[in-house]
Amino acid sequence: MTEDLTSHAGQISVVTGAASGIGRASAILLARRGAHVIALDVNESGLKSVVDEVKSGGGSATYHLFDLGSEENVRTTIKAIEKEHGRIDSVVNAGGITGPTGMQTEDISWEQFLKPLTIDLFGAIWITQAVMPLMKERKYGRIVQVVSIAGKEGNPGMSPYNTAKAGLIGYVKGVAKEAAASGVVINSLAPAVIRTAINENTTEDTMKYMISRIPLGRTGQASEVAEIIAFMASPACSFTTGFTFDISGGRATY
């Protein structure tokens, strides 16, 4: 019988931003496909909800309160998971914020600029650094960084977010080449605008601009994004690394 490489059976999968949106949809789908999911977020009520939903469907999940913007918390949480489970097979980093929207770059304070950089870029780097030794030791790992179409094309009025996501795309490309011989695969995924809570505070003009650039003429759904993430985090994704997958409704086809 041919092995199902898209199965996550027996895998330990860490999902950040798991309380809502893309992270939540990914956590539920990975658990449905057999993984034990460790859900991470700052939102404890959301974490309890997603764990309950996974368990009600017969899956396996636990959670940790987690702050992607704190290097100390990122590293101590990963160490705790390592101590508890002995390994981490996949990481889906779907946590993040948009930061200021609808603002000219010269009107954005450094504090406003730095927060998205810290969470969206530095946090992604910290979690990669934290899991990489364990994955290299086992000669297997899958790391999925959720970036954005903004990191490829840039959205006006969102310069901190554009900068963070573009930086993360570049980081993934280089680290993938470093880790390629070790059995660790790392890729990024660039969604266009997805109907999630992260866009609740996005200005109406910015939302209209983003949707106007999508040939399919609509926002994406978190469940659609989760399907690609599930492949990227699976054993089936074995010969693609350093790549930025596209889920943009046709906005970016490169």
Side-chain angles (χ1 to χ4, degrees), residues 13-27 30 37-43 64-79 81-82 88-99 113-136 141-152 154-155 158-180 184-191 194 196 198 225-226 228-229 232-233 237 240-247:
S13 298
V14 173
V15 181
T16 76
S20 62
I22 292 170
R24 182 187 182 95
S26 299
L30 293 179
V37 171
I38 300 150
L40 306 181
D41 207 295
V42 293
N43 177 357
H64 288 262
L65 278 173
F66 178 76
D67 181 3
L68 194 57
S70 165
E71 181 181 4
E72 180 181 3
N73 186 249
V74 170
R75 295 188 186 279
T76 56
T77 301
I78 293 302
K79 284 181 181 178
I81 294 169
E82 179 182 349
I88 296 173
D89 297 295
S90 63
V91 171
V92 175
N93 179 35
I97 61 171
T98 57
F113 212 108
L114 188 59
K115 190 171 183 180
L117 285 177
T118 301
I119 294 172
D120 297 350
L121 177 56
F122 302 162
I125 294 170
W126 295 330
I127 198 168
T128 302
Q129 290 178 325
V131 301
M132 193 65 78
L134 182 60
M135 289 181 170
K136 284 183 174 179
R142 299 288 183 267
I143 301 173
V144 179
Q145 298 286 0
V146 178
V147 291
S148 171
I149 193 66
K152 285 185 173 185
N155 287 325
M158 299 179 68
S159 58
Y161 188 68
N162 298 337
T163 303
K165 295 302 187 179
L168 184 50
I169 289 171
Y171 176 75
V172 166
K173 289 178 182 293
V175 171
K177 292 177 173 66
E178 295 175 8
V184 181
V185 165
I186 176 171
N187 292 293
S188 55
L189 174 62
I194 306 299
T196 68
I198 197 173
V225 184
I228 298 182
I229 286 174
M232 294 169 69
C237 187
T240 301
T241 194
F243 184 62
T244 303
F245 285 79
D246 175 68
I247 182 162

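As a basis for the values below, the full set of heavy atoms in this structure was taken, side chains included, without hydrogen atoms, waters or symmetry mates.
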By side chain to side chain donor-acceptor pair (under 3.5 Å), which residues pair with [X], not counting sequence neighbours?
X    : value
N43  : S45
T128 : Q145
D89  : R87, R138
Q129 : R75

Considering residues at least two apart in sequence or located in another chain, which fulfil the side-chain contact (heavy atoms from CB on, under 4.5 Å) criterion with [X]?
X    : value
T76  : E72, N73
I119 : L68, I97, K115
A226 : A25, S26, L29

Quiz item: Who are the salt bridge (Lys or Arg N to Asp or Glu O under 4.0 Å) partners of R24, not counting sequence neighbours?
Solution: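 R24: salt bridge (Lys or Arg N to Asp or Glu O under 4.0 Å) contacts with E53.
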Quiz prompt | For F122, all residues meeting ring-ring contact (aromatic ring centres under 6.0 Å, His included), sequence neighbours excluded | solution =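 None.
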Reported [atom1]-to-[atom2] distance for the pair [X] and [Y], which is rounded to 0.5 angstrom:
X    : Y    : atom1 : atom2 : answer
L134 : K79  : CG    : NZ    : 12.5 Å
D41  : D67  : CG    : CG    : 10.0 Å
K165 : S148 : NZ    : OG    : 6.5 Å
D120 : I125 : CG    : CD1   : 11.0 Å
T244 : N187 : OG1   : CG    : 8.0 Å

Quiz item: Would you say K152 and D246 make side-chain contact, with heavy atoms under 4.5 Å?
Solution: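 A side-chain contact exists here, since the closest heavy-atom pair is under 4.5 Å.
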Quiz item: Is there a side-chain contact between I143 and V185 (heavy atoms, below 4.5 Å)?
Solution: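 No; the side chains remain at least 4.5 Å from each other.
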Would you be so kind as to tabulate the donor-acceptor pairs closer than 3.5 Å made by side chains of residues 170-177, with sequence neighbours excluded?
none

Practice problem: List the steps and the verdict of side-chain contact (heavy atoms from CB on, under 4.5 Å) for I78 and W126. | Solution: CA-CA 10 Å; I78 293 302; W126 295 330; over 6 Å; no
Specify the closest pair of heavy atoms between [X] and [Y], including all atoms of both residues, with the distance to one decimal.
X    : Y    : answer
A124 : L168 : CB-CD1, 3.6 Å
P191 : L189 : CD-O, 3.1 Å
P160 : L117 : O-CD2, 4.3 Å

Can you give the donor-acceptor pairs under 3.5 Å from side chains of residues 14-22 to other protein atoms, not counting sequence neighbours?
residue : atom : partner : partner atom : Å
T16     : OG1  : N93     : OD1          : 2.6
T16     : OG1  : A94     : N            : 3.0
T16     : OG1  : G95     : N            : 3.0

Quiz item: Could you walk me through whether I127 and F66 pass the side-chain contact (heavy atoms from CB on, under 4.5 Å) check?
Solution: CA-CA 11 Å; I127 198 168; F66 178 76; 4.2 Å; yes
Quiz item: Got a donor-acceptor contact below 3.5 angstrom from the S90 side chain to the R142 backbone?
Solution: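 No.
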Practice problem: Have a look at L40 and tell me which of L65, I81, V74, V91 forms a side chain to side chain contact (heavy atoms under 4.5 Å, CB included) with it. | Solution: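 That would be I81; it is the only one of L65, I81, V74, V91 passing the side chain to side chain contact (heavy atoms under 4.5 Å, CB included) with L40.
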